[in-house]
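Computed from heavy atoms alone, side chains included, the values below leave out hydrogens, waters and symmetry copies. Residue numbers begin at 1 in each chain, while the letters A, B, ... track the order of the sequences.
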2 protein chains.
Amino acid sequence: MARLVTIPESDIATITSDQTELARYAKALSHPVRVYILTTLSKQTCCYSGDLAEILPIARSTLSQHLSELKNAGLIQGEFLPPKIKYCINRENWERSKHLMMQFYGLTIE
Amino acid sequence: MARLVTIPESDIATITSDQTELARYAKALSHPVRVYILTTLSKQTCCYSGDLAEILPIARSTLSQHLSELKNAGLIQGEFLPPKIKYCINRENWERSKHLMMQFYGLTIE
DNA sequence: TGTCCGTTTCGTAATTTTACGAAATACGAA
DNA sequence: TTCGTATTTCGTAAAATTACGAAACGGACA
């Protein structure tokens, strides 16, 4: 980018790693189905992919994609209990995302 | 969808309007540049598109797109003060998104 | 071994997002 | 009216997202 040459570095905005991380978590929350899944999992303990598949008006393969996005974002984790897979919130990253979000909204409370 | 016919409605997950609304706000936060802009605007008072353009390593047209996404999400608003446009946080919707996010994370504090 | 079950991966398609430069717009000032 | 400044819209392209059904997979069990 030409700008990186013509303008001193100190004048370039530094997008912090916290901001990039927050954006990543926000992306995970950017679909109603994923918000629903996370809300469900954060309230109760865990649940099976099949439970969600029966209840949600989307194809199983589509649900699977949403679950793997949440997994990639680190917000949930799956435990293979043949023949089912039990999904739970990843508490550590859940708290991390909460912390970043609070920080973003200027809430220092924890 | 066949599922809507073969399974009684009461067994179908209801994705609430709050969840859909939260997903919409989360989508607005799902890019590092937009997180940066919102953080900047929420801390200080307001700023001009040009201020951001000089500081961010992206094309002005790209910045404009991000700004209009934030506008469409209702999180910022622009005031035309020729020849510049002053952007500020939309406090009402900012608080609304904060509220939904707190609710989502199980924080009833406000 | 073969079969069933729950789930994911594959193949595909439509739509949206992100990005850029060039052109258009809106307005104040010369 | 013409010029200059600040910003957005247009045209375009590449990549990512969302969605589906069909096929594949891994393990339990007959």
How many Å lie between [atom1] on [X] and [atom2] on [N], as a whole number?
| X | N | atom1 | atom2 | result |
| --- | --- | --- | --- | --- |
| His31(B) | dA19(C) | NE2 | C1' | 9 Å |
| Leu70(A) | dT17(D) | CG | C1' | 14 Å |
| Lys27(B) | dT18(D) | NZ | C1' | 10 Å |
| His66(B) | dT7(D) | NE2 | P | 17 Å |
| Glu69(B) | dT7(D) | CD | C1' | 17 Å |
| Leu56(B) | dA6(D) | CG | P | 17 Å |
| Leu81(A) | dC5(C) | CG | C1' | 15 Å |
| Arg24(B) | dT16(C) | CZ | P | 14 Å |

message: Against the six-membered ring of Tyr105(B), is Lys98(A) placed for a cation-pi contact (under 6.0 Å from the centre, within 45° of the normal)?
response: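 The answer is no; the distance or angle limit is not met.
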So, [X] side chain and [Y] main chain: donor-acceptor pair closer than 3.5 Å or not?
| X | Y | result |
| --- | --- | --- |
| Thr40(A) | Tyr36(A) | yes |
| Asp51(A) | Tyr48(A) | yes |
| Asn93(A) | Leu75(A) | no |

- prompt: For Pro82(A) and Val33(A), take the nucleotide of DNA chain D holding the closest heavy atom to each; which residue's nucleotide lies nearer the 5' end?
  reply: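 That would be Val33(A).
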query: Quick one: which of Val35(B), Thr39(B), Leu41(B) gives a side chain to side chain contact (heavy atoms under 4.5 Å, CB included) with Ile37(B)?
result: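 Going through Val35(B), Thr39(B), Leu41(B) one by one, the side chain to side chain contact (heavy atoms under 4.5 Å, CB included) with Ile37(B) is satisfied by Leu41(B) alone.
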task: Please list, chain by chain and in numerical order, all residues satisfying salt bridge (Lys or Arg N to Asp or Glu O under 4.0 Å) with Arg34(B), sequence neighbours excluded.
output: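 Result, salt bridge (Lys or Arg N to Asp or Glu O under 4.0 Å) vs Arg34(B): Glu69(B).
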Close N/O contacts between protein and nucleotides 6-9 of chain C (under 3.5 Å):
unit_1, atom_1, unit_2, atom_2, d
dG6(C), O4', Pro83(A), O, 3.4
dT7(C), OP1, Gly50(A), N, 3.4
dT7(C), OP2, Gly50(A), N, 2.7
dT8(C), OP1, Tyr87(A), OH, 2.1
dT8(C), OP2, Ser49(A), OG, 3.4
dT8(C), OP2, Ser64(A), OG, 2.9
dT8(C), O5', Ser64(A), OG, 3.1

